[in-house]
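Have a look at the structure below before the remarks.
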Amino acid sequence: IGKGVTAVCENDTVSTTDLELVKSIFASAGSVLMINESEMNRIIGVTSSSPAYVYKFIAAICEGAKAQGLNNDNLLETVCDMVIGAAYMLKESEFSANELISRVASKGGTTERAIATLDERDFDKAIIDAVVKAGYGASLKGESNAKTKDDELKDMLGSLFCGRGH
């Protein structure tokens, strides 16, 4: 869909020409994020695992709508459009996420009450913990000596991105 994110790092073993080639290949599938090689495992919870967090968030909103008796056939499409719109607004805005939340959540209004419920349930901490655990899990996996065919392929691809396998 052209909206992926690929993290790429460089080191002394990769030529500038090869790095530019790798970046252009992945840019055709979305955005390219240049990071330090030491950050590769930690970025997994941010870019690779996070679509699942978003899917879970969308599914929960749809379930909340159904719990109120909303069963529109276009509910999933509508919620997805809302998420795309909110993400686009945040990406293009001069305001931070918290500033945009304040602009949407009227004092004493329904959104303020909804945000308070998320805060009571420690929504932010749950997301932060998920991101950190995904990165930590990737680090642990990297310590394993047992290699699968998928691991070997990832190592081969990793050498294109970082000059050596991961």
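Predicted, not measured: the structure shown is a model, and the values here were computed from it.
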### Message
Using the rule given for side-chain contact (heavy atoms from CB on, under 4.5 Å), can you reason through Val83 versus Phe57, listing the C-alpha separation, both sets of side-chain angles and the distance that settles it, and then say yes or no?
### Response
CA-CA 10 Å; Val83 169; Phe57 174 72; 4.3 Å; yes

### Audit row: Ser106, Thr111, side-chain contact (heavy atoms from CB on, under 4.5 Å) steps and yes/no
CA-CA 7 Å; Ser106 304; Thr111 305; over 6 Å; no

### Query
Do Asn36 and Arg42 pass the side-chain contact (heavy atoms from CB on, under 4.5 Å) test, and can you show the C-alpha distance, the side-chain angles, and the key distance before you say yes or no?
CA-CA 11 Å; Asn36 293 322; Arg42 293 182 306 222; over 6 Å; no

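When the side-chain contact (heavy atoms from CB on, under 4.5 Å) test is applied to Ala87, no partner is found at least two apart in sequence or on another chain. Residues passing the side-chain contact (heavy atoms from CB on, under 4.5 Å) test with Asp119, sequence neighbours excluded: Ile115. Taking the side-chain contact (heavy atoms from CB on, under 4.5 Å) definition, one finds that Thr117 meets it with Arg121, sequence neighbours left out. Every side-chain hydrogen bond (donor to acceptor under 3.5 Å, both in side chains) that Ser15 has, sequence neighbours left out, goes to Asp18. Legend: residues meeting salt bridge (charged side-chain N to carboxylate O under 4.0 Å, His left out) with Lys125, ordered by chain and number and at least two apart, are Asp129. Partners of Lys56 by salt bridge (charged side-chain N to carboxylate O under 4.0 Å, His left out), not counting sequence neighbours: none found. Every residue meeting the side-chain contact (heavy atoms from CB on, under 4.5 Å) condition with Tyr55, not counting sequence neighbours, appears here in chain and number order: Pro51.
Rounded to the nearest 0.5 Å, atoms CG (Asn41) and CD (Glu39) are 11.0 Å apart.
The shortest non-hydrogen separation linking Ala134 to Tyr53 is CB-OH, 3.7 Å. Minimum heavy-atom separation, Ala7 to Ile35: CB-CD1, 3.9 Å. Shown here for Arg113 and Gly108, the closest heavy-atom pair between the two residues is NH1-O, 2.9 Å. Residues Ala65 and Leu75 approach most closely at CB-CD2, 3.6 Å, considering heavy atoms.
Screening Val46, Val32, Thr47 for a side chain to side chain contact (heavy atoms under 4.5 Å, CB included) with Val5, the sole residue that qualifies is Thr47.
One hydrophobic cluster, built from ILVMFWY side chains closer than 4.5 Å, holds both Val79 and Val54. By the criterion of side-chain heavy atoms lying less than 4.5 angstrom apart, applied directly or through intervening Ile, Leu, Val, Met, Phe, Trp or Tyr residues, Ile84 is not grouped with Ile61; the two fall into different hydrophobic clusters.
Side-chain contact, Thr13 with Asn11: a donor N or O sits under 3.5 Å from an acceptor N or O.
Taking Ile, Leu, Val, Met, Phe, Trp and Tyr as members and joining any whose side-chain heavy atoms lie under 4.5 Å apart, directly or through other members, the hydrophobic cluster of Met89 also contains Leu90, Phe95, Leu100.
Taking the side chain as every heavy atom from C-beta outward, Ile58 and Cys80 approach each other to under 4.5 Å. Residues Ile25 and Thr6 form no side-chain contact, since every pair of their non-hydrogen atoms from C-beta on lies 4.5 Å or further apart.
The stretch residues 71-94 participates, sequence neighbours left out, in no side chain to side chain donor-acceptor pair (under 3.5 Å) pair at all. Sorted by first and then second residue, the side chain to side chain donor-acceptor pair (under 3.5 Å) pairs involving residues 19-34 (not counting sequence neighbours) are Glu20-Lys23. The list of side chain to side chain donor-acceptor pair (under 3.5 Å) pairs with a residue in residues 96-105, not counting sequence neighbours, reads Ser96-Glu99.
Looking only at distances, no side-chain donor or acceptor of Glu63 sits under 3.5 Å from a matching main-chain atom of Ala59.
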